[in-house]
Chemist: 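Below is one structure. I have some questions about it.
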Amino acid sequence: MKKMLLFTALACVACGTKPAETPREQLVGRLNTLVAEGKIAYAHQDDLAYGHAWCVEDWETDALERSDVKAVAGKYPAMVGFDLGDIEHGADKNLDGVPFGLIRKAALAQIERGGMVTFSWHPDNIITGGDAWDVSSDQVVKSILPGGEKHDEFMVWLQRGADFIESLGDVAVIFRPWHENSGGWFWWGKGLCTVQEYKALWNCLQDKLLADGLTNIVWSWSPNFGMKDDDMDTYPGNDRVDIIGLDAYQQSSDDKAFTATLNKDLTMLCEFARKADRLVALTECGYQNLPDYTWWTRVLKPQIEKYPLCYFLVWRNFNLKHYFAPAPSTQDAPDFRKMVEDKRILMLNDIQN
Ligand code: BMA
């Protein structure tokens, strides 16, 4: 296969034509184009799978046309995110109870409709059997690296993740593993492994997927906001990352504190990415349950507009105690609609062609 590609590339050089773009190059190109046009794509986690007061019951027959975002704004998100947590066990459903069959179908529907897809992954703790948030041992990363006692088992976990991505076929997706590692709440986070171990963990996963022929992945690395000077030390490198992301949630009514931290981090990351010629995204954001009904246009939008971001992803709408995007019944819905009506913010219908 590789020889064939090389031959095609050489033949194209000889005849002066450019080789056709791969799905991966198309996705990177698409994101670069929208940034160059001063636009930013809107993304929502689990958008087609469930919302405030509904969930897809029978995914095999469901047309997957429901979406809280569409119900509020009349348009689907340009990008949809899903999480692969529990794929490592060969489970039928992810850690949040979303069937992997539904995730596959929804991801392909989103791409078929002209949209984009991103995956995160919250794998369990292989030493304790606890979840991704189990930080009771600082030996987990070490144990799964080559030479570690859990390495072989971990490679089986990676294989299951790789098999799922491969099952999507020849489409490009954004993959964002080992996220928020600047914090200490995941077993791969700060204080739980060394800088070298984190980078080795990144490389172990990426090299495995590439060796399996998964060359359509656009790789995203995303620390958490409130970054410290040494947080960039774990950046895997320009040859390993396409999108530098930031995860940023407002946690209290103090807008000023939130926006100050967000601006500080985005300024630094955008400058770093400009020099490195990488894309930048707000890979997760939100204000849980939206206690402030004008948060979208008063707090979030004025900040993200200042930066050359390719997308911003709002986290999931699990239930009335844990949601981030509106539904028609929530009081922030009019303000959200106003935000996404702005021409700068791209929804699915804006990027379909
Ligand atoms: C978190 C919460 C959890 C969820 C996890 C993975 O931020 O939404 O309830 O299990 O993401 O989706």
Side-chain angles (χ1 to χ4, degrees), residues 43-56 59 67-69 77 79-89 91-104 106-107 110 117-126 128-135 140 157 160-161 164-165 173-190 192 205 220-226 245-252 258 262 281-291 295 300 311-327 330 332:
H44 184 213
Q45 186 74 0
D46 285 344
D47 188 78
L48 300 168
Y50 58 86
H52 283 251
W54 61 277
C55 73
V56 169
W59 62 266
S67 150
D68 280 346
V69 169
M79 188 186 292
V80 178
F82 296 102
D83 198 90
L84 299 183
D86 280 359
I87 195 79
E88 66 275 13
H89 304 301
D92 289 343
K93 295 178 178 175
N94 82 354
L95 75 169
D96 300 320
V98 188
F100 283 110
L102 167 55
I103 293 178
R104 181 184 300 106
Q110 172 71 6
V117 169
T118 177
F119 289 108
S120 50
W121 190 16
H122 290 81
D124 283 346
N125 180 322
I126 204 165
T128 64
D131 59 23
W133 293 265
D134 181 345
V135 291
V140 187
W157 283 21
R160 293 184 178 131
F164 177 82
I165 297 176
V173 294
I174 299 166
F175 187 32
R176 192 171 63 88
W178 316 134
H179 64 299
E180 299 175 12
N181 73 303
S182 57
W185 46 86
F186 294 131
W187 55 255
W188 56 87
K190 201 173 200 170
L192 296 148
L205 182 154
S220 176
W221 174 76
S222 58
N224 199 67
F225 94 141
L246 183 73
D247 289 9
Y249 290 92
Q250 182 163 331
Q251 311 268 14
S252 77
F258 171 71
L262 184 64
L282 198 50
T283 38
E284 280 184 37
C285 66
Y287 188 6
Q288 180 167 254
N289 307 344
L290 273 298
W295 188 75
L300 185 65
Y311 74 88
F312 67 114
L313 182 140
V314 171
W315 203 242
R316 66 198 196 106
N317 285 358
F318 177 46
N319 58 28
L320 290 175
K321 291 192 176 135
H322 184 57
Y323 69 87
F324 294 87
T330 62
D332 61 308

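Worth knowing before you read on, the calculation uses all heavy atoms, side chains too, and leaves out hydrogens, waters and symmetry mates. Every number for a ligand or one of its atoms is a count from 1 in the order of the listing.
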Chemist: Taking salt bridge (Lys or Arg N to Asp or Glu O under 4.0 Å) as the cut-off, I'd like each qualifying pair that reaches into residues 178-187, sequence neighbours left out, listed once.
Modeler: none
Chemist: Checking side-chain contact (heavy atoms from CB on, under 4.5 Å) between W187 and each of I126, D134, N125, which is the one that passes?
Modeler: N125
Chemist: Can you list everything that forms a side-chain contact (heavy atoms from CB on, under 4.5 Å) with T330? Sequence neighbours excluded, please.
Modeler: H52, Y323, P326, A327, D332, A333
Chemist: Just the distances, no angles: every ligand 1 N or O to protein N or O pair closer than 3.5 Å, one line each.
Modeler:
residue: ligand 1; atom: 7 (O); partner: W315; partner atom: NE1; Å: 3.1
residue: ligand 1; atom: 8 (O); partner: W315; partner atom: NE1; Å: 3.0
residue: ligand 1; atom: 8 (O); partner: R316; partner atom: NE; Å: 2.8
residue: ligand 1; atom: 8 (O); partner: H322; partner atom: NE2; Å: 2.6
residue: ligand 1; atom: 9 (O); partner: R316; partner atom: NH2; Å: 2.8
residue: ligand 1; atom: 10 (O); partner: D96; partner atom: OD1; Å: 2.5
residue: ligand 1; atom: 11 (O); partner: W315; partner atom: NE1; Å: 3.2
residue: ligand 1; atom: 12 (O); partner: D96; partner atom: OD2; Å: 2.6

Chemist: Would you confirm whether Y287, through its side chain, and S252, through its main-chain N or O, come within 3.5 Å as a donor-acceptor pair?
Modeler: yes
Chemist: Can you name the residues that form a side-chain contact (heavy atoms from CB on, under 4.5 Å) with A281, not counting sequence neighbours?
Modeler: I243, T283, C310, Y311
Chemist: Look at the rings of H89 and W157 and say which category their plane angle falls in: under 30° parallel, 30 to 60° tilted, over 60° perpendicular.
Modeler: perpendicular
